[in-house]
Amino acid sequence: MNIATNIKQELENVLKKLNIEVQVPFVVEIPKDNTNGDYATNIAMQLTKILKQNPRSIANQVVELFNKDACNVEKIEIAGPGFINFFVKSTSFASLIKHVIDANDNFGKQDYGKGKKYDVEFVSANPTGDLHLGHAWQAALGDSICNLLTEVGYNVTREYYVNDAGVQILKLSQSIYARYQQALNIDVAFPEDGYHGPDIIKFANELKEKYGDTLLTKPLSYFKQIGIEYELNKIIKDLDMFRVKFDVFSHEVMLYEKGLVDEIIPLLKEKGYIYKQDGAIWFKTTAFGDDKDRVVKKSDGTYTYFLPDIAYHRYKLQRGFDYLVDILGADHHGYIKRMEAAIMALGYNKDQIQIIIHQMVKLIKDGEELKLSKRTGKAYTLKDLCDEIGVNATRYQFASKNPGSHMEIDIDLAVKQSNDNPMYYIEYAHARCCSIIKTYDELNVKDDTSGSLLSNSKEIDLLKHIGEYENVVLDAALNKAPFKITNYLYTLASLFHSFYNECKVIDKENVELTAQRVVLAKMTRITIKNGLKLIGVEALEKM
RNA sequence: GUCUAUAUAGCUCAGUGGAUAGAGCAAUUGUCUCCGAAACAAUAGGUCAUAGGUUCGACUCCUAUUAUAGACGCCA
């Protein structure tokens with residue numbers, strides 16, 4: 001049990017003694033300045049409205065009723081406008097130390113989710129070309145979110161939606177067919193909106209090598225099928241290299257084949273959300289807060305893309321997931337309201353779906369913006385970046401950004417300064433821990449997890465921060481915010497480096513202290529390793 | 001015009017109602033006879049875009065304005 005939680009519980013007891021029934025939104029946290037205690041709470045200020053007294057006098061009452069022995073508190077002070085600051089006994093860390101060492105690889109794992117089922121859909125790039133850096137962000141973000149949710153006890157499925165029924169795929173098959181003909185020296189015009197990428201030319205040449213001209217008589221549907229297979233396999237391979245593995249690939253074509261798409265309009269009609277206008281069929285999404293109604297069936301009789309998407313989300317919910325998460329680029333933000341509308345219209349709860357939007361990636365190369373262009377086939381891909389700076393640094397780079405903020409990547413700078421990536425600072429701390437532990441092992445001394453000799457402020461700061469890890473994991477998971485993990489790890493590495501420089505860990509003259517300090521290195525190593533694993537980065541033992 | 005984000009140190013970014021707003025890079029200065037100097041310690045650098053409001057307290061919440069990116073089709 002961690003110390004902050006203990007203090008919080010005791011404060012809840014105090015509230016009961018004061019006969020306060022209502023929820024008080026107070027926090028127990030580590031103050032920035034440790035002269036303000038090891039932990040502090042704002043409970044007195046929060047109570048001003050309820051008790052209608054000044055915060056310092058409330059603080060006095062709280063302190064009087066507070067049972068210090070229940071949570072290893074040595075001293076309590078009231079400071080500033082009414083903060084209550086707690087100073088804990090050094091022995092209070094013994095249970096934390098033992099917990100971290102015993103849990104080891106499992107430190108951080110929690111049962112908060114109680115096995116509830118999440119389906120997280122991300123990347124879902126059309127199989128028409130290589131993954132670009134926007135997909136890299138989605139892949140890193142999505143996979144890390146899945147890891148976090150799993151860590152706190154949810155049952156998570158990673159899902160990829162393959163848009164294989166739309167016009168994009170038709171263009172792909174036409175492009176392949178044209179390139180194939182060109183490979184055979186047949187003079188044909190390349191389709192107007194075709195895919196110009198070099199990969200298609202390469203694929204066409206492979207077809208020529210393998211089959212000669214025997215495919216010329218095949219229908220377009222044949223090229224469609226082999227095209228999807230070829231492109232999707234390439235994507236899967238890249239994702240695998242990026243350490244992202246999907247559990248389920250759902251194909252749009254399958255939704256049509258199973259008749260799921262055709263079921264939607266009658267279903268919505270039954271509930272009264274469908275009407276006809278100008279020869280088209282509309283879904284009344286404004287009933288659920290959208291700013292305008294959406295067409296689901298065009299006047300020419302074909303469906304809009306929206307309809308299969310509704311069918312797809314219904315299909316996911318029917319498979320028994322409690323929550324759905326979609327990760328999309330900012331160019332899809334208009335999509336949120338209408339999809340929520342669809343979910344609600346179908347009788348599900350709005351908070352069963354969450355759509356996470358990440359902002360656009362702006363690429364700078366040679367001092368100017370590099371526009372992604374499928375037409376010209378020129379793009380800087382996920383694989384390009386991984387080849388240049390490595391998978392670890394790439395995963396870290398994308399996991400560490402808040403998806404709500406805009407990202408600018410200067411490729412030349414990223415490559416040149418890859419060692420300045422904050423990840424290396426964290427890796428260095430980990431490698432240092434490993435090195436210390438190795439040296440220590442040769443001494444043949446038994447670990448001491450009591451923590452009784454740890455009194456230096458650097459040691460205490462490190463312990464307190466490690467004690468926060470589980471809360472940070474939970475917070476990051478619930479907010480679906482992997483960047484909270486990277487921020488945490490960075491601070492942890494910093495505290496460790498600082499501790500290392502001030503406190504000699506291995507001291508042959510003082511075996512007792514060595515046996516306790518080395519445990520700090522072990523705790524740090526465990527925490528960094530587990531934290532990095534959540535964002536798909538390997539912890540290095542040597543650099 | 002409407003919608004969604006974003007605006008914090010010269011640059012890249014933390015900071016989801018609390019105490020003196022924090023890191024890294026860049027600048028200046030110390031620290032390796034010693035467990036890994038890819039590190040540490042220190043100095044300097046900010047009217048938290050602007051103006052109002054909410055309250056014990058606002059970088060944080062609300063409103064308006066400005067700037068930047070993106071979205072607003074019977075396209076996907």
Side-chain angles (χ1 to χ4, degrees), chain A residues 25-27 29 31-33 35-36 40-42 44-49 53-56 79-83 85 126 163 165-169 252 277-282 290-292 294-306 308-309 329-337 357-360 362 400-410 413 417 419-422 424-429 431-440 443 458 475 479 481 483-484 486-488 490-491 493-494 496-508 514 517-518 521 542-543:
Chain A
F26 70 94
V27 294
E29 57 186 6
K32 280 174 222 146
D33 182 349
T35 60
N36 288 327
T41 181
N42 61 348
M45 278 96 88
Q46 294 296 340
L47 284 169
T48 50
K49 278 187 206 100
Q53 297 173 32
N54 82 61
R56 287 195 70 111
F83 286 102
N85 300 335
N126 283 342
N163 288 101
V167 290
Q168 307 298 335
I169 298 297
E252 188 179 357
Q277 192 182 311
D278 305 330
I281 294 178
W282 297 70
D290 199 3
D291 55 350
K292 52 184 127 175
R294 308 288 166 177
V295 169
V296 285
K297 192 174 189 178
K298 295 180 263 183
S299 49
D300 67 3
T302 60
Y303 294 142
T304 63
Y305 76 96
F306 185 32
D309 274 1
D331 49 344
H332 287 84
H333 89 264
Y335 184 87
I336 298 177
K337 282 260 168 68
I357 296 289
H358 69 86
Q359 296 301 314
M360 298 282 102
K362 191 172 170 185
S400 64
K401 297 290 179 192
N402 183 338
S405 60
H406 302 260
M407 195 189 306
E408 196 172 284
I409 297 179
D410 185 325
L413 215 63
Q417 304 187 335
N419 265 11
D420 288 339
N421 188 316
Y424 289 97
Y425 183 76
I426 298 169
E427 293 281 18
Y428 183 59
R432 235 179 189 174
C433 288
C434 291
S435 173
I436 291 168
I437 293 164
K438 200 173 157 226
T439 310
Y440 169 81
L443 296 180
K458 303 283 183 191
D475 183 49
N479 287 295
F483 69 92
K484 294 197 178 208
T486 56
N487 287 345
Y488 171 87
Y490 193 86
T491 307
S494 168
F496 180 77
H497 285 311
S498 182
F499 154 72
Y500 174 87
N501 275 276
E502 181 151 326
C503 305
K504 192 163 168 55
V505 178
I506 293 177
D507 183 356
K508 286 173 188 163
T514 299
R517 281 188 170 162
V518 79
K542 278 186 192 160
M543 295 178 62

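Below, chains carry the letters A, B, ... as their sequence lines are ordered, and counting in each starts from 1.
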Calculate the interatomic distance between [X] atom [atom1] and [N] atom [atom2]; express it in whole Å.
| X | N | atom1 | atom2 | result |
| --- | --- | --- | --- | --- |
| A/Leu47 | B/rG18 | CG | P | 16 Å |
| A/Asn487 | B/rG24 | CG | C1' | 12 Å |
| A/Ile357 | B/rU4 | CD1 | P | 12 Å |
| A/Phe483 | B/rU6 | CZ | C1' | 14 Å |

Assess whether side chain to side chain contact (heavy atoms under 4.5 Å, CB included) is satisfied between A/Ile506 and A/Leu443, documenting all intermediate values.
-> CA-CA 9 Å; A/Ile506 293 177; A/Leu443 296 180; 3.8 Å; yes

Could you check A/Asn487 against A/Tyr490 for side chain to side chain contact (heavy atoms under 4.5 Å, CB included), going step by step and ending with a plain yes or no?
-> CA-CA 5 Å; A/Asn487 287 345; A/Tyr490 193 86; 5.8 Å; no

Extract the stems that RNA chain B is part of, considering only consecutive pairing runs of at least three Watson-Crick or G-U wobble pairs, both distances under 3.5 Å.
-> B:1-7 with B:66-72, B:10-13 with B:22-25, B:27-31 with B:39-43, B:49-53 with B:61-65

At under 4.0 Å between heavy atoms, which parts of [range] does protein reach? Answer with one letter per nucleotide, 5' to 3': B base, S sugar-phosphate only, - none.
| range | answer |
| --- | --- |
| nucleotides 71-76 of chain B | SSSBSB |
| nucleotides 31-41 of chain B | ---SBBSBSSS |
| nucleotides 56-69 of chain B | B------------B |

After noting the C-alpha distance and the side-chain angles of A/Asn163 and A/Tyr305, does the key distance pass the side chain to side chain donor-acceptor pair (under 3.5 Å) rule?
-> CA-CA 10 Å; A/Asn163 288 101; A/Tyr305 76 96; over 6 Å; no

Could I get the full list of side chain to side chain contact (heavy atoms under 4.5 Å, CB included) partners for A/Asp278, not counting sequence neighbours?
-> none

Sequence-distant partners of A/Tyr440, side-chain hydrogen bond (donor to acceptor under 3.5 Å, both in side chains), two or more places apart = A/Asp447

Flag side-chain contact, heavy atom, 4.5 Å: A/Pro55 against A/Phe83 = no

Under 4.0 angstrom, heavy atoms only, what part of the nucleic acid is [X] near: base, sugar-phosphate, or nothing?
| X | result |
| --- | --- |
| A/Asn85 | base |
| A/Lys508 | nothing |
| A/Ala40 | base |

Tell me every residue that passes ring pair (Phe, Tyr, Trp, His ring centres under 6.0 Å) with [X], counting only those two or more places apart in sequence or in another chain.
| X | result |
| --- | --- |
| A/His406 | none |
| A/Tyr500 | none |
| A/Phe26 | none |
| A/Tyr488 | A/His465, A/Tyr469 |

A/Lys297 vs A/Thr302, side chain to side chain contact (heavy atoms under 4.5 Å, CB included): CA-CA, chis, key distance, verdict = CA-CA 6 Å; A/Lys297 192 174 189 178; A/Thr302 60; over 6 Å; no

B/rC35: syn or anti, per glycosidic angle within 90° of 0 =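 Glycosidic conformation of B/rC35: anti.
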
With sequence neighbours left out, what residues match A/Asp291 under salt bridge (Lys or Arg N to Asp or Glu O under 4.0 Å)?
->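 Applying salt bridge (Lys or Arg N to Asp or Glu O under 4.0 Å) to A/Asp291 gives A/Arg294.
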
For A/Lys484, check salt bridge (Lys or Arg N to Asp or Glu O under 4.0 Å) against everything at least two apart and list the hits.
-> A/Asp475

